[in-house]
Every structure is written in C-alpha cells, then in structure tokens.
Asker: 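One structure, as structure tokens, below. Some questions next.
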Amino acid sequence: MFSATKIREDFPILRRTVHDRPLVYLDNAATTQKPRQVIESLVRYYETNNANIHRGIHTLSVEATEQYEAVRGKVALLIGAPSNDSIVFTRNTTESINLVARSWGDANLSEGDEIVLSLMEHHSNIVPWQLLARRTGARLRYIEVTADGHLDLDMARQLIGPRTKLVSLVHMSNVLGTINPIGEIAGMAHAAGARFLVDAAQSAPHLPIDVTGLGADFLAFSAHKMLGPTGVGVLWAADGLLSEMEPFLGGGEMISLVRQDESTWADLPHKFEAGTPNIADVIGFGAALDYLAGLGMPAVREHERNITAYALDRLGALPGLNIHGPSDVDQRGGAVSFSLEGIHPHDISTILDSRGIAIRAGHHCAQLLMRALDVPATSRASFYIYNTEDEVDALVEAVEAVQRVFNGVSHRTAV
Amino acid sequence: MFSATKIREDFPILRRTVHDRPLVYLDNAATTQKPRQVIESLVRYYETNNANIHRGIHTLSVEATEQYEAVRGKVALLIGAPSNDSIVFTRNTTESINLVARSWGDANLSEGDEIVLSLMEHHSNIVPWQLLARRTGARLRYIEVTADGHLDLDMARQLIGPRTKLVSLVHMSNVLGTINPIGEIAGMAHAAGARFLVDAAQSAPHLPIDVTGLGADFLAFSAHKMLGPTGVGVLWAADGLLSEMEPFLGGGEMISLVRQDESTWADLPHKFEAGTPNIADVIGFGAALDYLAGLGMPAVREHERNITAYALDRLGALPGLNIHGPSDVDQRGGAVSFSLEGIHPHDISTILDSRGIAIRAGHHCAQLLMRALDVPATSRASFYIYNTEDEVDALVEAVEAVQRVFNGVSHRTAV
Amino acid sequence: MVSATEPLFDDLYRETLLEHYRSPRNRGRLEAPTHHAEGLNPVCGDEIRIDLRMDGDRIAEIAFDGQGCSISQSTASMMSVEILDRPVEHAMAVQQAFEAMLTAGAEPSAILGDLEALQGVSKFPVRIKCALLAWKVLAESLKSPNKEETHD
Amino acid sequence: MVSATEPLFDDLYRETLLEHYRSPRNRGRLEAPTHHAEGLNPVCGDEIRIDLRMDGDRIAEIAFDGQGCSISQSTASMMSVEILDRPVEHAMAVQQAFEAMLTAGAEPSAILGDLEALQGVSKFPVRIKCALLAWKVLAESLKSPNKEETHD
Ligand SMILES: Cc1ncc(COP(=O)(O)O)c(C=O)c1O
Ligand SMILES: Cc1ncc(COP(=O)(O)O)c(C=O)c1O
C-alpha cells in the first residue's frame, strides 16, 4: 500500500529544519529529494566499483560498465521503449532537446520550414529552437493557451500544416500542471509529416508513460526531477531516427575508427555519448527507477491526484487567491501555481520560507506563459510522493499569514 | 608531509579485493578513485541541502546556490584564473572542447582556415574538430610525434602559420605521459594570430597549472580524473572570449529575457550553463579541490615524479618490454604505456586483473597515435597520489608472470 | 496564528516597510527630469525607474516607479524620502550606511531614517539585491544626465 | 612465483590455448575460396578473416588470418581444426556447445575437442566476445559466397 508517511522515512532531508521549523518541501517541479536508496547507491559505487567504463578489461571497469548499461533497461521499462539502444544519457532535459535541435534539426530544417511550440513551454523547449531557427532560417509558431490553462487545439490544428517540420510540446506544464493531449497532437504532427518531440520533464516523474502509445518521436526528461541524482537526462528516440542522425558531440567512446580526416561512429546509443559519461549518477538513477518501480507509477499518479485535489480545494477557498491552470485533477498534475492579489510572489516565498515551507516564486523558466497570463511571476507549490495533506495544511495556513501581514487584517492594521 | 600510505586511508575502495587480491589501481589516467571527503560531501548535499539553484528564494535553494557557486572560486584558485566568471561547468573535457568547437569554431572558421592538432591527441580533441571542419570547410593539420615521444617542434613551426585559426593541443599525453611545451606552442599560435586550446585532462590533476602563464586561450579538464565525481568538466576561457561567443546550449538558467522570436542571455558564466546543472557533483568536485589544495599540487607532482621514475626503472629492466614515451621524468607525467613482444595488451590486462591489478589496455582513445607508434594497442599503468612503490613492485612481478606464461619460461615450457 | 510564533518574518516585514509598500512616497515621473535611469533585476524581475531633477549638487526632485516585491519598492520609496532636497554627498552616505547594515551586519546609523526598517533583510541573503536595486538605479541615474540638459 | 598461487589465469591461459596461439593451425589464405568474410571487434581491435572452400555442404578447406589477443586467435585456430572436412551442420553444433559453455556455464561437450581449453574464459565476461569473434566471422562467411562462385 502506498503511504507517503512511510515513504518519508526513506528521505533523510525531510528530517531537517529550516528556520527552526520542519522542512515542508513543495518545490518538486524544480527538483525532487532523494531517497537513501539513491544516496547509498552512489556511495556503494564510489566505495566499491568506481572505474571508467566500456573499454576496460579489469574487474572494476567491467562491473561499472555492467551497472551503467543496466540502467538503460530500467529506463526502457519505465517508458515502454522497445529497445535499450534508443536511450541516450545526457545531462538533463535541456541537453536532450538541444541534442535533437543540433543533430536532427540542423540536418532537416531550412528556410521557410516551421517549428510549432506552445506558449506554455519551458525555456528549455524554446531557446534551442530559437537558436536552430537562427541557424537554418526556419520559423517558430506558438500555440496559445486558453483562459483555463489548456492548449488552444483549434489553433494547433491551424498551425500544424505542410510547412511544419517539427512539433515540440510539453507533456505536463511545470507552471499550470496541465496535461496536454499528446496523442491528439501527435496525430496532427504526423498527418502533416512532421516529427514530434515530447518534453516529459514533468510527466515522466509523475505519470505512467508509454512512448509507443504516446506517438512521440523524441522524448526528453531529467533524472533529478524523479528521485535521481543531478546531472543525468534521458533522450529517447523512435526507431531509426538516431541512426540517421549526425553525432552531437565528438570524442572518446562515441567512435569506431578514427582517421586523420574523418571517423566512423560507435553503435547506438554510444554514438551520442561522447566522453566519460556521468557514470555514478546514471547508476544512482537506476536506484531511483527501482524505487519508483517499487511504488508503481499508477500509485504515484494516484497519490498526486489526491493531494492536488486537496490542495486545489483548500487554496481555492482563500479569498484573493487565484489558481492558474485547470481545476479538473484528471487533466492536471501536482504543480499548482497561484497569485495573491497585491502581493509579490517573492514576498510570499520569503514568508513561507521563514516557516520552513519551500515553494518556488518567479517565472518558472516560462516567461512567454507569464506574459500570456499577464503576471510578472507566480508562486508555485508542487508535490511528490512524500508530500502529505498536513503539509498542504501548513501551506494554506502560511498563505493566510502572508495575507494577514500584507493586507493588515492582523494586529498590524493599527498603522 | 606527503604520505601516500596515509592518503590511502581516505580512499574506501582501496580496501577492496579483486579476485581475492588487494586492489592495485593503476588506471588513474582513465579515472581516479574518490576520497571519503568527496563521497561525504555528496551525501551531505543530498541529505541536507538538495534543491535547484539560482532562482529559488527558499533556504535550501539559497544554500545549494552558494555551495555550487563557491566551487568556481576553488577552480579559479587551482588554475590561477583571474576571475570566476570565466569558468564554465560542463560534463567533461569532451563537452568543454565541443562547446568551443560549436560556439567559437562555427563563428570563426571558414573554408581554407586551418586547425592544428597533433598525432598524440585524445579522440576528444580530434573528433570535435573533424565535425567542425565538415561544417565549415576548415582543414585539419597534425603535428607529428618523434620517436622518443615528443612533439615535432620543427613541424609545429611549419604548420602554424597565417592560415591557422586554432591550435588545440594536449598538455600531457594520456598515452606517452609527455608534457608538451605549451608556452612555446602558445607563442607560435599567437604569433600566427590563432587561438590556443589546451586539453588539460591529464595535466590539471597532476601538475601545478597557471593559465595566464601557460598562454592558453581555452583550457579544458574533467573532475573525475582528479578525485572528483563523474559528470563534471571545466572550460576556462581567457578574458573577453566567452562574452563574444554564441551560446552552446539554449534553455533554462542561461537566459535573461525570452521573447517569442529571440532571447537575451544571462551574464557569464551562466550563459553557457543551460538547464539544471550537475549541482551535487560540482559541489563534490569542490571537496576534491579542497583535498588537492590540502596536499598542494607541487607535492602531488613530486610524488608522481618519484613513483614514475621508479616504475620506468623497474619496468625498463624487463627484457622484451618496450616503454613508449619520454624517459626523462622531468618531461613526463605518470602515464606509462608499454608493449611486451608477442603478447597482446588484452592478455596482459586480463592476467594482471587476475592478480587484482587494474591497468588499461587498448588504444586509449588515441588511434592516430597507435598508428604512429605502429602498435594495435598498448598496456598502460598510470599513477596518482595514493600509489606506492609496493604497487609498482606488484605490477612488475605480474608482468614477469605474464612473460612466463606466454614465453613458456616456466613449468609450461614442457609442451 | 499569533505574531509571537512568526518572529522571522515579523522582523523582515516590519510595519514601516509594508506601509511604504502600500503607500509609496514620490512615486511617479517628473515633468522635467535632468537625470534618469532604469534598472532590472533579471533574476526576479524587479524593475525600478528613477527621474531626478538636480539643482547643482542638490537632489531637488525625485520620482520613481517600477514593479516588484515589497522590498525593492519600499526601499525606493524610503530612499526617495531620505535623499530628497539633499546634496548627492548625503545620498552617498546613506547608501553606504544602508549597504553596511545589510551586507556587513553594521548597526543601523541614524541617517538611515525609515530605511532602518530593512535591517531584517540581512537575514535573507537572496533578498538583499532587492533592497539594493533602487540604490543601483540611483547611482546609474546620477551618471546619466539627459541629453537636452547637458546642452544647457 | 609458482603456478599454485596463480589459479585464475592458469585456468584461463591453459597450455592448449597458448600452444594454438603460438602455432596456429590453418593460418593463411586459400587459393580458391568459395566463401569469405572478415570481422572486427571495434572495442578491442581484434580482427579475423576467414576463407572457406565448400564442397556442397562440407567445409572442404578453411584458412584464417587476423590479429589480436591470444583468445581470439587461438579460438580461430582450434575452431578451424574442429570443423575442417565436416558438414556445416557439425560446425553449427560445435558453435552451440561452445557458446553454451562460455555464456551459460554448460559443461564442455565432447565435440568441442581442443576448444574445451577456453572454458576459463567464462569467468572473464569482458573477454567472451574475443572467443566468439571467429564464430561470428564463420557464420558471416557461410552467408557470403564469392561472386564468381555463385555464377558457377
Ligand atoms: C588527454 C585527454 N583528453 C581528453 C580526455 C577526455 O576526458 P573525458 O572523457 O572526461 O571527457 C581524456 C580522458 O580520457 C584525456 O586523457
Ligand atoms: C517542462 C520542463 N521542461 C524542461 C525542463 C528543464 O529541465 P532541466 O533543467 O533538468 O534540463 C523543466 C525543468 O525545470 C521543465 O519543468
């Protein structure tokens, strides 16, 4: 049985205090905390197996290589990938997307071609395409966001057409929580002959995912947002795509034969992993994937659905508090952004911090969305497997305190 | 006082056995082992400070940001960099070099321009330039290696000329151990108006380095080869270079303002660190730099000079054993490659492994050099701060055993 | 929840600060500024614009506008009060005392006036730059006489 | 150092293996091969080339050359001995028994002949592909009749 209280025991950091209050960590969309199983796997690696991989004959190197390569299988299992060779380890979602922009984009886009994004994209799914557009002369088009925080599907239908070479879309918004209709967009993209990249940075950690079912051509996500160490990202690509693509980074480990003027490439996926990889953290990511597999992604989703529903209920009841994004918990995940009238998110975040509550305040790397919502910034609480309703209560109480401070409804009215 | 025996106590892995023998780890040019101080700093980070950095207001994020940024100062100290803003964290040396090839190279090279490398380069300092040459029409020229393992300086003088836009050279060879005359080459490069990149993957861990004294424009190295975690590299660039360069990867953290069609970039060095960085491992690298600073790089160098001298002496005395690279320990570091007549390096490595001795056998990501040396592969022992003369003795004994097995001078002669 | 249990943010969000945030002084634009500058804190999006009318060495008029958190905006308001009708030299002295209080833990000097209310910011290092933004823009504006004026 | 203290590599580098490495059988090229293939293990650089002269279903002649470690080269030599003058079916049976011994820990079958000497390789997983290279190239060559021959 899924029990957040039980799960909390696995997370050493949840025992610390902040400003003398127990830490209430609600910044999971930025990065999640790590269970001791992950931390221990890093320690075990460095204390018993550490070596460079792939070309070594000695025992440590063989052990490290086996452990590193085994994680590909765990990733494949998580996302339903038919083969391990289509899974490339990068640093983060951002690098995965840049890899596609450089290796696939430079070869496949030219003047007049269009890339369709949306206004709810994270900067990591905007800037690589701006740079690509500048290199190739391609053009960016943006699907707008409706007042209730959904993609404007009519507009998507209009924008995605014969000029479209790529559609790149966030699966779950890191600001609004919106879960986008990926299957439907995949249909539009493929009908137009375009490729489809899914930014799964916020979905892979929180939802069961099946790449073949989704209809994605590329899928990108980050280990650090799903219990894993920092420094590991994943790029998955549909059959055949990676083998057609040029290498992204050149160097050790990604070659087969090197001659003075040209080289041939190693088999997939190694062709895309130049230099010494982040071996320890990939292995640590394996421990994170084991942990999630132990819980089961449907149970993870169910827990977050419940806690998000509770948070929407309680926060929604506060006067002067405006929640951005869908209210239906079946159409959203646990990133809950809100604004308090007349109070800047940074002030909210500081006051919450003084009570040990960690939320994020700012543009959340989504300046286009901030402009579309017409706010300079928002406050965001985001949940994961170890968060409890008690913590939501603490959040709500703290927000009420913020309102008292700023609106002078407390003892401070007497100015 | 520097004491390898004392230092060994800090390295938990050195207490393990391999095939029931104590581990003798002589594969340090591939990656080094990690002291408990580094492992503990990772654990401490994940158990008490883990958060995403740079944009958070809550306490964890502020603490993580401070710890992460403080490491730039430690890197600057190590290499004598005048400012922290010229230090970019990447995944590894390979990515650092690719960053320069894309961001500086694409903008500054064109048809007919030349890039001067040497035949002793690691693939990571060859393939990025081959890819750049293909994108721009530039041409690669190679400085050859003399019979005693030095750069052919006459040839360097001939090759580096008005067409040269970049000279990119390894500081210390990972195969031959050769320490190249960087200052002299810097002079040639700058006289020709070319930029000069130094691949310091093997020198930063082992030699005192002063970037301004070296005359480098770019310097690249990897944390994992100097006691640090996997997944962290450094790119340093001389004043003004980074600010002129286009971003390499686009995404979160590297922007200032994002609009639909274009964006402006964050201040240096953040412009070159897109997405969530490898926060924990950069902080762990800080602990590694503290450890090295505690020893002092001159003492590190002195220890390695001594153990290398001892190894050259003892190995050199074995009949049928040929050492590649300089014999003068003032002109070389502790990567010692050798060949045994009639015995393949893989067989050597396997037999050594069966005695717990980890060396590397293969082309060492230097296929051009293997061809120049006219060997399919070599065996390489490489030393670091925790290696002892006893371990060199174990190596020599094991090599003798290999020779007995293959040359049938033992009981096996009776076939 | 009573204030006794909220010592930290009581200390940061003092009544003086909130009052300046709610009712900023000298907010707006000048009709005939001699100096002007704008500043943005790209990390958090705080913005401050400052108009000055200098009369020789004296800050004869000041107006600011902008948007952002209570710390950046109330600092601008309090600062405007303390330096209005004062010589530049005095403004610089106030700035020094202010920075010393925030970044070096100095006791608040008497010349700070209401700005003393920001002392609590020193405990939230990440917010210090919010409090320094107005001062940065002031320094910038003093270096930026309007084109027309320089031709006087 | 006496062999008693070196059990592991004694077990791997058995005399039979070393003897085939030093004096390979059927090394060279055929004058009129009907089949040919080459294989490279890119990770370690081992190379094997195989010429066959097939007589119907029978391997009437075989020759190999190449370079690399003792395991890859001695396997090729032993393999050539075991399959020479035998039907393809027998070669396949030997291959199966060989792979079972190396990768599944099976007891060596009698049909392996000298190849049994490679049993110790199963304890060095990273070297198994050295021992399988010759077999990979053999399979490849059986699928690769020379152009001239197919026109016969
Ligand atoms: C000389 C040299 N350059 C570059 C590299 C590449 O380093 P990394 O694999 O950490 O990118 C290495 C390490 O193998 C090296 O020895
Ligand atoms: C939707 C989305 N895409 C991309 C990213 C970028 O992830 P990373 O910083 O790990 O590259 C994030 C995380 O901030 C995100 O939420």
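Quick note: numbers below take in every heavy atom, side chains included, and nothing from hydrogens, waters or symmetry partners. Within every chain, numbering begins at 1; the chains are lettered A, B, ... in the order of the sequence lines, protein sequences first and strands thereafter. It should be emphasised that the depicted structure is a prediction, and the values quoted were computed from it without experimental measurement.
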Asker: Would you find a donor on one side and an acceptor on the other, under 3.5 Å apart, between the side chain of A:Thr94 and the backbone of A:Ser124?
Answerer: no
Asker: Begin with the C-alpha distance, continue with both residues' side-chain angles, and end with the deciding distance and a verdict on salt bridge (charged side-chain N to carboxylate O under 4.0 Å, His left out) for B:Arg91 and A:Glu95.
Answerer: CA-CA 11 Å; B:Arg91 178 174 37 245; A:Glu95 193 191 13; 2.7 Å; yes
Asker: What I want to check is whether the side chains of A:His19 and A:Ser354 have a donor and an acceptor closer together than 3.5 Å.
Answerer: no
Asker: So which residue, A:Pro345, A:Pro128, A:Cys365, ends up with the most heavy-atom pairs under 4.5 Å with chain B?
Answerer: A:Pro128
Asker: Report which part of A:Leu132 has an atom under 4.5 Å of a heavy atom belonging to chain B: side chain, backbone, both, or neither.
Answerer: neither
Asker: Between the side chain of B:Asn49 and the main-chain N/O of B:Leu60, is any donor-acceptor distance below 3.5 Å?
Answerer: no
Asker: Side chain, backbone, both or neither: which part of A:Leu42 has a heavy atom under 4.5 Å from chain B?
Answerer: side chain
Asker: Just so I understand: if I count every heavy-atom pair under 4.5 Å between each of B:Arg371, B:Arg360, B:Glu253, B:Lys225 and chain A, which residue has the most?
Answerer: B:Arg360
Asker: Take atom CD of A:Glu40 as the centre, draw a 6.0 Å sphere, and report whether it contains more than 12 heavy atoms from other residues, nucleotides or ligands.
Answerer: yes
Asker: Chain B: which of A:Gly362, A:Gly56, A:Ala133 shares the most heavy-atom pairs with it under 4.5 Å?
Answerer: A:Gly56
Asker: Would you say the side chains of B:Gln130 and A:Ser263 form a donor-acceptor pair under 3.5 Å?
Answerer: yes
Asker: Within residues 254-261 of chain B, which positions have a heavy-atom distance to chain A below 4.5 Å?
Answerer: B:Met254, B:Ile255, B:Ser256, B:Leu257, B:Val258, B:Arg259, B:Gln260, B:Asp261
Asker: With a 4.5 angstrom heavy-atom cut-off, which part of A:Phe11 approaches chain B: side chain, backbone, both or neither?
Answerer: neither
Asker: I'd like to know if the side chain of B:Arg380 and the backbone of B:Asn174 have a donor-acceptor N/O pair within less than 3.5 Å.
Answerer: yes
Asker: Do you know which of A:Ala361, A:Pro229, A:Ser222 has the most heavy-atom pairs under 4.5 Å to chain B?
Answerer: A:Pro229
Asker: Looking at A:His346, A:His123, A:His122, which hits ring-ring contact (aromatic ring centres under 6.0 Å, His included) with A:His363?
Answerer: A:His123
Asker: With a 3.5 Å cut-off and no angle check, do the side chains of A:Thr230 and B:Asn278 form a donor-acceptor pair?
Answerer: yes
Asker: Run the side chain to side chain contact (heavy atoms under 4.5 Å, CB included) test on A:Arg135 and A:Asp106 for me, step by step, so that the C-alpha distance in whole Å, both residues' side-chain angles and the decisive distance to 0.1 Å come before the verdict.
Answerer: CA-CA 8 Å; A:Arg135 291 196 300 275; A:Asp106 280 333; 2.9 Å; yes
Asker: B:Thr59, B:Leu117, B:Ile39: which one forms the most heavy-atom pairs within less than 4.5 Å of chain A?
Answerer: B:Thr59
Asker: Among A:Arg102, A:Glu262, A:Arg139, which has the most heavy-atom pairs under 4.5 Å with chain B?
Answerer: A:Arg102
Asker: A:Lys34 vs B:Glu47, test: side chain to side chain contact (heavy atoms under 4.5 Å, CB included). Steps then yes/no.
Answerer: CA-CA 8 Å; A:Lys34 322 303 173 198; B:Glu47 293 195 344; over 6 Å; no
Asker: Is chain B contacted by the side chain of A:Arg15, its backbone, both, or neither, given a heavy-atom distance below 4.5 Å?
Answerer: neither
Asker: Identify which part of A:Asn125 has an atom lying under 4.5 Å from any heavy atom of chain B, answering side chain, backbone, both or neither.
Answerer: neither
Asker: Under a plain distance cut-off of 3.5 Å, with no hydrogens placed, do A:Thr276 and A:Asn52 share a side-chain donor-acceptor pair?
Answerer: yes
Asker: Counting only non-hydrogen atoms closer than 4.5 Å, does A:Glu246 touch chain B with its backbone (N, CA, C, O), its side chain (CB onward), both, or neither?
Answerer: side chain
Asker: Out of B:Asp281, B:Asp27, B:Val282, B:Leu140, return the one with the most heavy atom pairs under 4.5 angstrom to chain A.
Answerer: B:Asp281
Asker: What part of A:Thr32 is in contact with chain B, defined as an atom under 4.5 angstrom from a non-hydrogen atom: side chain, backbone, both or neither?
Answerer: backbone
Asker: Side chains of B:Pro277 and B:Ile53: closer than 4.5 Å at any heavy-atom pair?
Answerer: yes
Asker: Heavy-atom pairs under 4.5 Å with chain A: which of B:Ile126, B:Asn92, B:Ile357, B:Leu249 has the most?
Answerer: B:Leu249
Asker: Could you tell me the separation between the CZ atom of A:Arg16 and the CG atom of A:Leu23, rounded to the nearest 0.5 Å?
Answerer: 7.0 Å
Asker: Between B:Phe89 and B:Tyr68, is the ring centroid distance below 6.0 Å?
Answerer: yes
Asker: Where on A:Tyr46 is there a heavy atom nearer than 4.5 Å to chain B: the side chain, the backbone, both, or neither?
Answerer: both
Asker: Who among B:Leu99, B:Thr48, B:Leu131 has the most heavy-atom pairs with chain A under 4.5 Å?
Answerer: B:Thr48
Asker: Counting heavy-atom pairs under 4.5 Å to chain A, which of B:Thr93, B:Ile57, B:Thr31 comes out on top?
Answerer: B:Ile57
